[in-house]
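For reference, the structure is listed below as structure tokens.
Start at 1 with the first residue, then count along the sequence. In what follows, every heavy atom counts, from backbone to side chain, and hydrogens, waters and symmetry copies are set aside. Indexing begins at 1, ligand by ligand and atom by atom, following the structure's order.
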Amino acid sequence: MLTVLDSIKLSEEYLQKKEIEAPRINAELLLADILSCKRLDLYLKFDQPLKQNEIQKYREYISRRGKGEPLQYIIEKVEFYGMNLRVNSSVLIPRPETEILVETIIEENKDNANLNILDIGCGSGNISIALAKNLNNAKIFAIDISEEALLLAKENAKELDVLDLIQFFRGDIFHNNLKEISSNFDLIVSNPPYVSKQDFKNLQTEIKEYEPDIAVTDFADGLKYYRKISEIGSDLLKHGGKIYFEIAMGQSEDVKNILKKNNFKNILSKKDYSGVERIILGERL
Ligand code: GLN
């Protein structure tokens, strides 16, 4: 007989050996998912024996996590901006930094209704859905190059009741003319692939081996998408319209200069909770 506590301890030891960060929390979260309870509720069940099928599933989950698969892909969900989103290996796992991007946009635009917003590289739909839920009647156009990502994003939008506020398009900003969608956007938002080809090699297994590479790296210097989006931004935005970018650590000066070169003004940055400049915004003349 294997109890909840025994199995957590064994799994923690195993994940520790495999050098997984925070092995205990990972072990608990995976079991909580299998038992459909909150992590802290496990503490009330420590002596409960696990059923055979639960043990089997837990073994599979722990083995996958031990190989480096991200927890969120195993349990197929993530919390973002207070919402539960489904994720799978066709999308980038939404990160807490991106909540700051969303928060900045909502803070600055909460008094504006009916905004036309373009979300470039929507992935799981996290940004579009958070904006749709928190802005007054925003009309959102979400584009992504990946068909699988769009499918999931639509599923998330439906689940969270904002499917009527978001239109999804499959597109590639380097090949499609987004003006066909609209040239009258109030806002463009993007958390593009910003890891350079060089830095990609040194990323941890969880990201490098499991997250979609096209969502993580631009296979160039990390600035390719900022250049392209800033360039097309002038054509797509209204006068006074704004671009909001998430950036990687160390890209602030470069991205500000790219926006300047493309005639954006009032260029500002915002820091994340670790004091790193993470968000850059600029206004079209
Ligand atoms: N917009 C999604 C996010 O912020 C996906 C971004 C991406 O794939 N680079 O998580």
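Of the N or O atoms in R95, none lie within a sub-3.5 Å distance of an N or O in ligand 1. Considering backbone and side-chain atoms together, P94 places no N or O closer than 3.5 Å to any N or O of ligand 1. Between S124 and ligand 1, a contact under 3.5 Å exists for no N or O pair. Close N/O approach between G123 and ligand 1 is not found [any backbone or side-chain N/O within under 3.5 Å].
Atom NZ of K154 is separated from atom CD1 of I166 by 11.5 Å, given to the nearest 0.5 angstrom. Going from atom NE2 of H239 over to atom CG of L237 covers 10.5 Å, rounded to the nearest 0.5 Å.
With a 4.0 Å heavy-atom cut-off, ligand 1 is reached by no atom of S190.
For ligand 1, the atoms closer than 4.0 angstrom to any heavy atom of I127 are 1 (N), 4 (O). Close approach of ligand 1 to G121 is summarised as follows: ligand atoms under 4.0 Å from at least one heavy atom of the residue are 1 (N), 2 (C), 5 (C), 6 (C). Under a 4.0 Å criterion applied to the non-hydrogen atoms of L92, ligand 1 contributes the atoms 6 (C), 7 (C), 8 (O), 10 (O). The distance from ligand 1 to the heavy atoms of T98 drops below 4.0 Å at these ligand atoms: 4 (O).
Between the side chains of S146 and D144, no donor N or O sits under 3.5 Å from an acceptor N or O. A donor atom on one side chain and an acceptor atom on the other are found under 3.5 Å apart for N114 and N137.
Paired with R227 under the rule side chain to side chain donor-acceptor pair (under 3.5 Å), one option of D218, D221, N262 passes, and it is D221.
Relative to the ring axis of Y81, K133 does not place its NZ or CZ within 45° and under 6.0 Å from the centre.
Within 6.0 Å of NZ on K238 lie more than 12 heavy atoms contributed by other residues, nucleotides or ligands.
Side-chain contact between L35 and L50: present, with at least one pair of heavy atoms (C-beta onward) separated by less than 4.5 Å.
With hydrogens left out, the protein atom closest to atom 8 (O) of ligand 1 is A215 CB, 3.2 Å, a heavy atom. Protein heavy atom at the shortest distance from atom 2 (C) of ligand 1 is N126 OD1, 3.2 Å.
Of the listed options V91, V216, N191, L85, N191 places a heavy atom closest to atom 9 (N) of ligand 1.
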